[in-house]
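Would you mind keeping the following structure in view while I ask a few things?
Nothing fancy with the numbering, it's 1 onward along the sequence.
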Amino acid sequence: MPQTDDLPEAMAELAQDFHAVSQQERLQLLLELSRELPELPERYAGKLDSLERVDECQSPLFLTVEVGDDVGHTVHLFFDAPPEAPTTRGFAGILHEGLDGLSAEQVLDVPDDAPYRFGLAEAVSPLRMRGMVGMLGRIKRQVRLRLEGAALAAKESSG
């Protein structure tokens, strides 16, 4: 069983679910998550140029992050990947289910090796794993940028 005590609760539970089944069943679980990935909300539909492309993914994947101005700076993730890219969509599904709705601090605290905690490195190519690592890195970078922007705006409005 992989280390999960440093992962957010939902992500840790997903990692445990993946390790509780065989390698073939892990791919099936990944496929289920790909089907459950929410569609883009109306404000982003048809506006892929306003989302960030994750070039590390073999299939086209776009994402954006919203960080709330509430006390915990709640993070919401939005992804766009074609239905014919189930592995990429499944990785996005893991990240969505594991991170969406958490505080910015919780998202930033996710270890960079978290994508390797699902036992998928044995089931998919290293190139595909690089895509999920790229998604997590871009999510964390966008969260940091949004927090910096909010801090700057607050400073300007109070100064």
*Find out if a path of hydrophobic residues (ILVMFWY) with successive side-chain heavy-atom gaps under 4.5 Å connects Phe62 to Leu33.*
no
*So, does His73 use its side chain to make a donor-acceptor pair with the main chain of Gly68 at under 3.5 Å?*
yes
_Under the salt bridge (charged side-chain N to carboxylate O under 4.0 Å, His left out) definition, can you give me all pairs with a residue in residues 15-36, not counting sequence neighbours?_
Arg26-Glu122
*Determine the minimum heavy-atom distance between Ala15 and Arg117, stating which atoms define it.*
CB-O, 3.5 Å
*Heavy atoms, side chains only, cut-off 4.5 Å: are Phe79 and Thr88 in contact?*
no
*Taking the side chain as every heavy atom from C-beta outward, state whether Pro86 and Leu30 have any atom pair closer than 4.5 Å.*
no
*Thr64 versus Glu52, side-chain donor and acceptor atoms under 3.5 Å*: no
*For the atom pair SG (Cys57) and CZ (Phe91), what is the distance rounded to the nearest 0.5 Å?*
8.5 Å
*So which heavy atom on Val54 is nearest to which on Gly134, and how close?*
CG1-C, 4.0 Å
*asked:* Can you tell whether the side chains of Glu56 and Arg130 come within less than 4.0 Å, N to carboxylate O?
replied: no
*Going from CD on Gln28 to OG on Ser22, what distance comes out if it is rounded to the nearest 0.5 angstrom?*
10.0 Å
*Test log, rule side-chain hydrogen bond (donor to acceptor under 3.5 Å, both in side chains), inputs Arg146 and Gln142*: CA-CA 6 Å; Arg146 304 284 187 280; Gln142 282 196 28; 3.0 Å; yes
*Between Lys140 and Asp109, does at least one N-O distance fall below 4.0 Å, as a salt bridge requires?*
no
*Other than Leu31, which residues form its hydrophobic cluster under the rule that side-chain heavy atoms must be closer than 4.5 Å?*
none
*When rounded to the nearest 0.5 angstrom, what is the spacing between CE in Met11 and CD in Gln106?*
11.5 Å
_Minimum-distance pair of heavy atoms, taken over all atoms of His19 and Phe118_ = NE2-C, 3.5 Å
*Interatomic distance, Met135 atom CE to Leu61 atom CG [nearest 0.5 angstrom]*: 4.5 Å
*Over 12 foreign heavy atoms within 6.0 Å of CG, Asp55*: yes
*Find the distance between CD (Glu84) and OG (Ser59) and round it off to the nearest 0.5 Å.*
8.0 Å
*State whether the number of non-hydrogen atoms from other residues, nucleotides or ligands found under 6.0 Å of Glu105 atom CD is greater than 12.*
no
_Trace of the side chain to side chain contact (heavy atoms under 4.5 Å, CB included) decision for Arg141 with Leu145_ = CA-CA 6 Å; Arg141 186 180 55 73; Leu145 288 172; 3.1 Å; yes
*Around Glu42, counting heavy atoms of other residues, nucleotides and ligands shown, do more than 12 lie under 6.0 Å from its CD?*
no
*Begin with the C-alpha distance, continue with both residues' side-chain angles, and end with the deciding distance and a verdict on side chain to side chain contact (heavy atoms under 4.5 Å, CB included) for Leu147 and Leu108.*
CA-CA 11 Å; Leu147 289 175; Leu108 293 173; 4.0 Å; yes
_Pairing of Asp49 and Lys47 as salt bridge, 4.0 angstrom limit_ = no
*Give the minimum heavy-atom separation between Ser103 and Gly72, together with the two atoms involved.*
CB-O, 3.2 Å
*Grab the two heavy atoms, one from Pro38 and one from His96, that are nearest each other, plus how far apart they are.*
CG-CE1, 3.5 Å
*Is there a side chain to side chain contact (heavy atoms under 4.5 Å, CB included) between Ser125 and Gln58 once you walk through the steps?*
CA-CA 11 Å; Ser125 74; Gln58 286 187 295; 4.3 Å; yes
*Please round to the nearest 0.5 Å and tell me the distance separating atom CD1 of Ile94 and atom CG of Leu120.*
5.5 Å
*Check against side chain to side chain contact (heavy atoms under 4.5 Å, CB included), Val75 and Asp100*: CA-CA 6 Å; Val75 172; Asp100 189 69; 5.9 Å; no
*Do Thr74 and Val67 come close enough that some side-chain heavy atom pair is under 4.5 Å?*
no
*Look at the rings of Phe78 and Tyr44 and say which category their plane angle falls in: under 30° parallel, 30 to 60° tilted, over 60° perpendicular.*
tilted
*Hey, are the side chains of Leu40 and Leu51 touching, using non-hydrogen atoms and a 4.5 Å cut-off?*
yes
*What heavy-atom pair brings Leu136 and Leu95 nearest, and what distance separates the two atoms?*
N-CD1, 4.0 Å
